Amino acid sequence: MPSKRLMGAFAFVDICLLAAGVILIVFSEVWRMPNLMLNFTLSNEMLNGGLVLGIFFLLTFVLSIGAVVQKNHVTLGFVLLNWMLIADAVVDIVVGSIVWFFTLGERAHYFQVYNSLSRDTRIEIQDKFSCCGYFTPNDTVEIGGSFCVNQTFVNSLVDPNNTDTFRCVAPLTKFTDFTLNNIFTTIYGFMAIIVALFLASMCVIKRRQEEERFKKIDAKRGGRGFV
């Protein structure tokens, strides 16, 4: 059997992968619940990507348990585990890159999202951030609520030198940028767990192969061992 220290390190990283999978699945579901800003920021594609990645991590953890309980001379389970970890890495990079891609054109992308919102949701956003409309004085402005009470008030907010003044684009993209940056950074950070478990698995394979080779040599020597 590989040393307790090696198997302890393997178990620790394996549990980290399990925790990462649970976190991804839980947050992918929790963030679907009614929440003004999270519902605005996160699309179903992003949440589904996190869910898929979490399921991959959990399947990898189950496979790792199967690999560990195999007899010492059997390394096929660890070989399959390493291939699964490579698949995890690919999915991780894809999901993280999808989220990162949306940070490159947030103002334009979330303008489309804002346009697709219902009137009541726009008014809720306007009241939350004390803004009227997304970009310019006359686009996507909804009259109503506690802030944009009438057109006269909306017109009074217009600053010809700064079209972002009292517009929702600034506070909205500030929130989306913070949220998306934290999400894709965390997802990319999971690569450290994947790589660490891959290396630990390779070490276990190497150790098991060495021990099996020594057993065969010992058997040929009549079980007398090495001097």
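We're numbering straight along the sequence, starting at 1. Note: hydrogens, waters and symmetry copies are ignored here, and every other heavy atom, side chains too, is used. If you're wondering where the values come from, they're calculated on a predicted model, not measured in any experiment.
Hydrophobic clustering of Ile, Leu, Val, Met, Phe, Trp and Tyr side chains at less than 4.5 Å, counting indirect connections, keeps Val62 apart from Ile193. Trp83 and Met202 end up in the same hydrophobic cluster when Ile, Leu, Val, Met, Phe, Trp and Tyr side chains are linked at under 4.5 Å.
Residue Ile143 comes nearest to Val149 through the heavy atom pair CG2-O, 3.5 Å, listed as atom of the first residue, atom of the second, then distance.
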Q | Criterion ring pair (Phe, Tyr, Trp, His ring centres under 6.0 Å) on Phe153 and Phe147, from CA distance to verdict | A | CA-CA 9 Å; Phe153 176 75; Phe147 187 72; 5.2 Å; yes
Q.
Using the rule given for ring pair (Phe, Tyr, Trp, His ring centres under 6.0 Å), can you reason through Phe10 versus Phe78, listing the C-alpha separation, both sets of side-chain angles and the distance that settles it, and then say yes or no?
A. CA-CA 12 Å; Phe10 179 90; Phe78 284 98; 5.7 Å; yes
Q) Between Cys132 and Cys168, does a disulfide (SG to SG under 2.5 Å) hold up when you go through it step by step? A) CA-CA 6 Å; Cys132 295; Cys168 299; over 6 Å; no
Q.
What verdict does the side-chain contact (heavy atoms from CB on, under 4.5 Å) test give for Met37 and Leu172, after you've listed the backbone C-alpha separation in whole Å, the side-chain angles of each residue and the deciding distance to 0.1 Å?
A. CA-CA 8 Å; Met37 291 310 300; Leu172 284 175; 3.5 Å; yes
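Under a 3.5 Å cut-off, the side chain of Asn39 and the backbone N or O of Met33 do form a donor-acceptor pair. Under the 3.5 Å distance criterion, the side-chain polar atoms of Thr103 are matched with a main-chain donor or acceptor of Trp100. Within the 3.5 Å criterion, the main-chain N or O of Asp88 finds no donor-acceptor partner in the side chain of Asp92. Looking only at distances, no side-chain donor or acceptor of Ser201 sits under 3.5 Å from a matching main-chain atom of Phe198. Arg107 places no side-chain N or O within donor-acceptor distance of the main-chain N or O of Ala170, the cut-off being under 3.5 Å. With hydrogens and angles disregarded, no donor-acceptor distance shorter than 3.5 Å links the side chain of Thr41 to the backbone of Leu38. Between the side chain of Gln126 and the main chain of Cys148, no donor-acceptor pair closer than 3.5 Å is present.
More than 12 heavy atoms of other residues, nucleotides or ligands shown are found within 6.0 angstrom of OH on Tyr188. By the 6.0 Å contact criterion, CH2 on Trp31 is enclosed, its count of non-hydrogen atoms from other residues, nucleotides or ligands being greater than 12. Other residues, nucleotides and ligands contribute more than 12 heavy atoms inside 6.0 Å of the OH atom of Tyr114. Atom CZ of Phe178 is surrounded by 12 or fewer heavy atoms from other residues, nucleotides or ligands within 6.0 Å.
Distance CD1/Ile23 to OG1/Thr186: 9.0 Å, rounded to 0.5 Å. Interatomic distance, Leu197 CG to Leu17 CG, rounded to the nearest 0.5 Å: 6.0 Å.
Here the two rings, on Tyr110 and Phe102, have centers that are 6.0 Å apart or farther.
Taking the six-membered ring where tryptophan is involved, the planes of Phe190 and Phe57 are perpendicular, since the angle between them exceeds 60° and thus also 30°. Using cut-offs of 30° and 60° on the angle between ring planes, the pair Phe111 and Phe135 is tilted.
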